[in-house]
K.L.:
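I have a structure I would like to understand better, so I am pasting it below and will then ask my questions one at a time.
Every chain is numbered from 1 and lettered A, B, ... according to where its sequence line falls, protein lines coming before strand lines. Worth knowing before you read on, the calculation uses all heavy atoms, side chains too, and leaves out hydrogens, waters and symmetry mates.
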Number of protein chains: 2
Amino acid sequence: MQARIDKIKQQLQSQGYKLTSQREATVRVLLENEEDHLSAEDVFMLVKDKAPEIGLATVYRTLELLSEMHVVEKMNFGDGVARYDLRTDSNKHHHHHLICIKCGSMSEIMDDWLGPLEERLEKEYRFNVLDHRLDFQGICAKCQAKESSDDKS
Amino acid sequence: MQARIDKIKQQLQSQGYKLTSQREATVRVLLENEEDHLSAEDVFMLVKDKAPEIGLATVYRTLELLSEMHVVEKMNFGDGVARYDLRTDSNKHHHHHLICIKCGSMSEIMDDWLGPLEERLEKEYRFNVLDHRLDFQGICAKCQAKESSDDKS
DNA sequence: TTAGGTGCAAATCTTTTGCAGAAAG
DNA sequence: CTTTCTGCAAAAGATTTGCACCTAA
């Protein structure tokens, strides 16, 4: 984990930015919650445990900075808040989301199904793909079960 | 065009909703701007030409309603505003977006490349897909050209 | 007639910004 | 030292909501 922080520190410094204690605490929170898709508010609450004096604005500024540096990915699931994911060491964010419109649950598929599509895109549209985002909306298995039992009542 | 409005009217009425003049004006604006991805504010300004007394809140409520009825699709490109697209008569919204991170331009691919993936999803994950959203982020042909000329300077 | 709709203004919620003081290199 | 950061509070936007008055069916 220290190795990843050092790497981020170097990235920041190469652009003239500093790795302050607040920024380090923020990065640690992201590292410790890599599986989640934290909102700025989520990150703020978690960082407060490590650095109680931190302000929400600093968290926003840090996330924005990390996003510009491509250290985190800023995402939007349409629920009114931006969510942030640390990028993996491999440079791309190869997973897709299944979002249930009934219960709001979100699960992930870790496969990347889009490799061939991206190649086609670069060829046919001359578009240099840096990242993609594939979300499916629908009804999860649990809610399908619930729906059919509701129908009976 | 009248046919599509009548159809939407029926859909609304089947759920106990009314097609008021404000709602009709809103739908007409969406029909007349099918190629764009209008924000609520955009729609509001356009609807005002037809129905000057309309309020922004009504536009939001109408778009929300139409979204729930799957008449429009609510989208989010990460620029802080929700955008709304009328769905085509075919029940799914089969196109993908290419978003340039340099200039912010957005273009569309009208093909649907995901049919087989959706089938696999229903089988492997028992997830009933109603819609999907596929966005690619990267650098458009124009900005690639600009970048390489900038490098020279 | 009456449930559903509307406009307005106020309220909410997320995110951004101005500023004076603090700290990293 | 000097440039970058930070916390705070205020501001800015987008969207939602309460309410008293309308209106489509």
K.L.:
So which nucleotide from C/dG7, C/dT15, D/dC5 ends up closest to the side chain of B/Thr58?
P.N.:
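Selected nucleotide: C/dG7.
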
K.L.:
In whole angstroms, how far is the P atom of C/dT6 from the CG atom of B/Leu63?
P.N.:
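Distance, rounded to whole Å: 12 Å.
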
K.L.:
Got a second to check how far B/Lys50's NZ is from B/Leu46's CG, nearest 0.5 Å?
P.N.:
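Those atoms lie 8.5 Å apart.
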
K.L.:
Could one point to a donor on the side chain of B/Lys18 or the base of C/dA3 with an acceptor on the other under 3.5 Å away?
P.N.:
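Such a pair exists between side chain and base.
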
K.L.:
When you get a sec, tell me which of C/dG4, C/dG18, D/dC19 is the closest nucleotide to the side chain of B/Tyr17?
P.N.:
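When the side chain of B/Tyr17 is considered, C/dG4 is the closest of C/dG4, C/dG18, D/dC19.
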
K.L.:
Does C/dT15 have OP1 or OP2 under 4.0 Å away from a side-chain N or O of A/Tyr60?
P.N.:
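Yes, within the criterion.
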
K.L.:
Can a side chain N or O of A/Gln15 be found less than 4.0 Å away from OP1 or OP2 on D/dT4?
P.N.:
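Result: no.
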
K.L.:
CG of B/Leu56 versus P of C/dT12: gap in Å, rounded?
P.N.:
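Going from CG in B/Leu56 over to P in C/dT12 covers 18 Å.
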
K.L.:
Which residue lies toward the 5' end of DNA chain C, B/Gly16 or B/Glu53, if each is placed at its nearest nucleotide?
P.N.:
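Closest to the 5' end, via its nearest nucleotide, is B/Gly16.
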
K.L.:
Can you check whether A/His37's main-chain N or O pairs, donor with acceptor, with A/Arg83's side chain at less than 3.5 Å?
P.N.:
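Judged by distance alone, yes, a pair lies under 3.5 Å.
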
K.L.:
Regarding B/Gln13, tell me which of base, sugar-phosphate or nothing describes its non-hydrogen contacts under 4.0 Å with the strands shown.
P.N.:
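Answer is sugar-phosphate: B/Gln13 comes under 4.0 Å of backbone atoms only.
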
K.L.:
With a cut-off of less than 4.0 Å, is there a side-chain N or O of B/Ser21 near OP1 or OP2 of D/dT23?
P.N.:
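So the side chain of B/Ser21 is outside the cut-off, no N or O lying under 4.0 Å from OP1 or OP2 of D/dT23.
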
K.L.:
Does a nitrogen or oxygen in the side chain of B/Ser39 sit under 4.0 Å from OP1 or OP2 of D/dA14?
P.N.:
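Result: no.
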
K.L.:
Flag yes if B/Met69 and B/Tyr60 sit in one hydrophobic cluster, no otherwise; membership is Ile, Leu, Val, Met, Phe, Trp, Tyr, and two members link when side-chain heavy atoms are under 4.5 Å apart.
P.N.:
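Both belong to a single hydrophobic cluster.
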
K.L.:
Ignoring hydrogens and angles, answer whether the base of C/dG4 and the side-chain atoms of B/Arg23 contain a donor-acceptor pair closer than 3.5 Å.
P.N.:
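No, no donor-acceptor pair under 3.5 Å.
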
K.L.:
Can you tell me if B/Gln2 and B/Asp6 form a side-chain donor-acceptor pair at under 3.5 Å?
P.N.:
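Side chains of B/Gln2 and B/Asp6: pair found under 3.5 Å.
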
K.L.:
A/Arg61 side chain: which of D/dC8, D/dA14, D/dT17 is closest?
P.N.:
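So the nucleotide nearest the side chain must be D/dC8.
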
